Structures are given as structure tokens and as C-alpha cells.
Engineer: 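Mind looking over this structure? Questions follow.
Just so it is clear, the values below take in all heavy atoms, side chains as well, and ignore hydrogens, waters and symmetry mates. Residue numbers start from 1 in every chain, and the chains themselves are labelled A, B, ... in the order their sequence lines are given, proteins ahead of strands. Computed from a predicted structure; not experimentally measured.
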Protein chains: 2
Amino acid sequence: MDIVFKAINDPTRREILRFLTHGPQNAGTIAQQFNMSKPSISHHLDLLKQAQLVDFSKKGQFLVYTLNKSGFETIHTWFQPFTLFFELPKPKIRL
Amino acid sequence: MDIVFKAINDPTRREILRFLTHGPQNAGTIAQQFNMSKPSISHHLDLLKQAQLVDFSKKGQFLVYTLNKSGFETIHTWFQPFTLFFELPKPKIRL
DNA sequence: TTTATATTTAAATATTTGTTTAACTATTTA
DNA sequence: TAAATAGTTAAACAAATATTTAAATATAAA
């Protein structure tokens, strides 16, 4: 659980997640969006992977990253009691 | 925005937030829940305050902390696009 | 094969973070 | 007023983090 919160703490990683809502992307394509070295992005992707916020599959020489529902469910589960407390509009994620 | 994610990154701070769903609590009462020095808890409360996840008011010699909706709304707003993403129909087979 | 491309892993480093002890401020009680 | 209580602020430091450059791995193209 800790790893998910660690993962979304970094602004670059949050941008990567946002970028992936547009669909699956190669590591290189993701790296291009940021003024940052590839190893740094690779490190961020690794952390997002550990948090199960992204997943990847190998397509030839490319690694294609996608959003992974599991990590987001973890966040949702943590957040739920507070939405009840405040009666915030409920996130519509399907569990 | 960054400060909110920083705030919820720490497990002690997440426990404090959870504890406050039971209602307003004095700093001292909060500190008692944790095997940790008061200054450390005070520091965590300060960060939660900066993130607008908690608020406090002075009652005599006591500081009474409560949950603050603002910070949670920030999290909710950030989370929303991902809930929408996972509601979309499953990706179709590529032709 | 050899070379180029895509990406990760490793090593090094500066910055940030969480914790503690000690000192300080404010309020209550005797 | 003096002493006790509630809590914060300050200083110091070890541990964790994000970044970079350089080296390594794997696949594709020539």
C-alpha cells in the first residue's frame, strides 16, 4: 500500500499516469514528453509498475506501458472512508 | 497540489487522518495513539495542515484538530479522470 | 555478423524527509 | 506569582529520493 502513495507523490509520475489515459505508450514516447533523461523516466516507470499503477508488455524492441487498474483500486479503497465522511461525490470506479 | 500528495505519502499521517474520522481530537490525544515523540506528531500535523487535509482551532490550552474537506477535494479532483478511464469499454482487438 | 535502436541497470551525488532531544510559548492551576 | 500542562519550534542527523552519466542487455536492421 505504501508504495502506491509513494508512487503518486512525484509530479513526473503523476504526469506519466495522466499521459497514459490517452492510451498505451512506449517508454521512449513517454520519455519524450519530459525534459529529463531516459534512465530517470525508466526509474519512474519502474516505481509505477511496483505500485501496480502501470503495466507493460514487450512488443519487439519496445516496452508498451498501460495503466493498471489494481493500483487505482488501492487508492480508491483508501479514499472511500473520507468520501463517506464528507459525502463527496463517489468516484465511479467499478470494482 | 504537490503538498497534498506529499502529506498522504507518510503512513503515520494517513493514520492520523483515519483517526480524525472519529471526530475532532486534541494534539495530545492524537500523539498518544503513536509510539513517537510529540514533536514528530506536531510536525506531521503541520504538514497535514499545509495540505489543508486538517484544520485546527484553539480551545484554551488545547489545539483541536479536525479533517478539512479542501485537501480531500484536491485528491478527488486528481483521481476523477482515472475513474472515467476505467469506465470506458474494454480496448478492442487490433485489426 | 556488425551496427543501430530501445530501454534498463548501476554508481554516484545532492536534496528532501522523518525522527529525536532541547528549548520555547501560551495557558491553566495552586 | 510560581509551577504544571499542552503544544510548537529549532537544531542535528540518518535514511530515503530523484537525478545524472556511463555501462549493460536485448532486439532489429544492414
Engineer: B:Phe5 versus A:Phe5: any side-chain heavy-atom pair under 4.5 Å?
Structural biologist: no

Engineer: Quickly work out the B:Asn35 CG to C:dG18 P distance and round it to whole Å.
Structural biologist: 18 Å

Engineer: For the pair A:Asp10 and B:Lys6, find out whether any cationic side-chain nitrogen is under 4.0 Å from an anionic carboxylate oxygen.
Structural biologist: no

Engineer: Of all residues at least two apart in sequence or in a different chain, which pass the side chain to side chain donor-acceptor pair (under 3.5 Å) check with A:His44?
Structural biologist: A:Arg13

Engineer: Could you check whether any side-chain heavy atom of A:Leu48 comes within less than 4.5 Å of a side-chain heavy atom of A:Leu20, counting everything from C-beta outward?
Structural biologist: no

Engineer: Got a second to check how far B:Ile41's CD1 is from B:Glu15's CD, nearest 0.5 Å?
Structural biologist: 9.0 Å

Engineer: Looking only at side-chain N and O atoms, does B:Ser37 come under 4.0 Å of OP1 or OP2 in C:dT19?
Structural biologist: no

Engineer: Heavy-atom contacts under 4.0 Å between residues 22-33 of chain B and DNA chain C, which residues?
Structural biologist: none

Engineer: Find out whether B:Leu63 and B:Leu45 are in side-chain contact, i.e. whether some heavy atom of one side chain is under 4.5 Å from a heavy atom of the other.
Structural biologist: no

Engineer: Could you see if A:Phe62 belongs to whatever hydrophobic cluster contains A:Phe34? Use Ile, Leu, Val, Met, Phe, Trp, Tyr and a side-chain cutoff under 4.5 Å.
Structural biologist: no

Engineer: For residues 48-63 of chain B, which residue pairs qualify under side-chain hydrogen bond (donor to acceptor under 3.5 Å, both in side chains), counting only residues two or more places apart or in two chains?
Structural biologist: B:Asp46-B:Gln50

Engineer: At 4.0 Å (heavy atoms only), tell me whether A:His43 reaches a base, stays on the sugar-phosphate, or touches nothing.
Structural biologist: base

Engineer: Can any side-chain N or O of B:Gln33 pair as donor or acceptor with the backbone N or O of B:Thr29 at less than 3.5 Å?
Structural biologist: yes

Engineer: I want to confirm an ordering. Mapping B:Pro39 and B:Leu47 to their closest nucleotides on DNA chain C, which one lands closer to the 5' end?
Structural biologist: B:Leu47

Engineer: Would you say A:Leu47 and A:Ile3 make side-chain contact, with heavy atoms under 4.5 Å?
Structural biologist: yes

Engineer: Could you identify which residues of residues 2-11 of chain B place a heavy atom less than 4.0 Å from some atom of DNA chain C, listed by residue number, or say none?
Structural biologist: B:Lys6, B:Asp10

Engineer: Any side-chain heavy atom of B:Leu67 sitting closer than 4.5 Å to one from B:Leu53?
Structural biologist: no

Engineer: Just checking B:Phe34: base, sugar-phosphate only, or nothing, at a heavy-atom cut-off of under 4.0 Å?
Structural biologist: nothing

Engineer: Heavy atoms of chain A, cut-off under 4.0 Å: which first and last nucleotide of DNA chain D, 5' to 3', fall inside that, if you could look?
Structural biologist: D:dT17 to D:dA28

Engineer: Do any of residues 51-64 of chain B sit with a heavy atom less than 4.0 Å from DNA chain C, and if so which?
Structural biologist: B:Lys58, B:Gly60, B:Gln61

Engineer: Are A:Phe72 and B:Phe86, when compared by the centres of their aromatic rings, separated by less than 6.0 Å?
Structural biologist: yes

Engineer: Whole Å only: how far is the CG atom of B:Asp46 from the C1' atom of C:dT19?
Structural biologist: 15 Å

Engineer: Where does the angle between the aromatic ring planes of B:Phe82 and B:Trp78 fall among parallel (under 30°), tilted (30 to 60°) and perpendicular (over 60°)?
Structural biologist: tilted

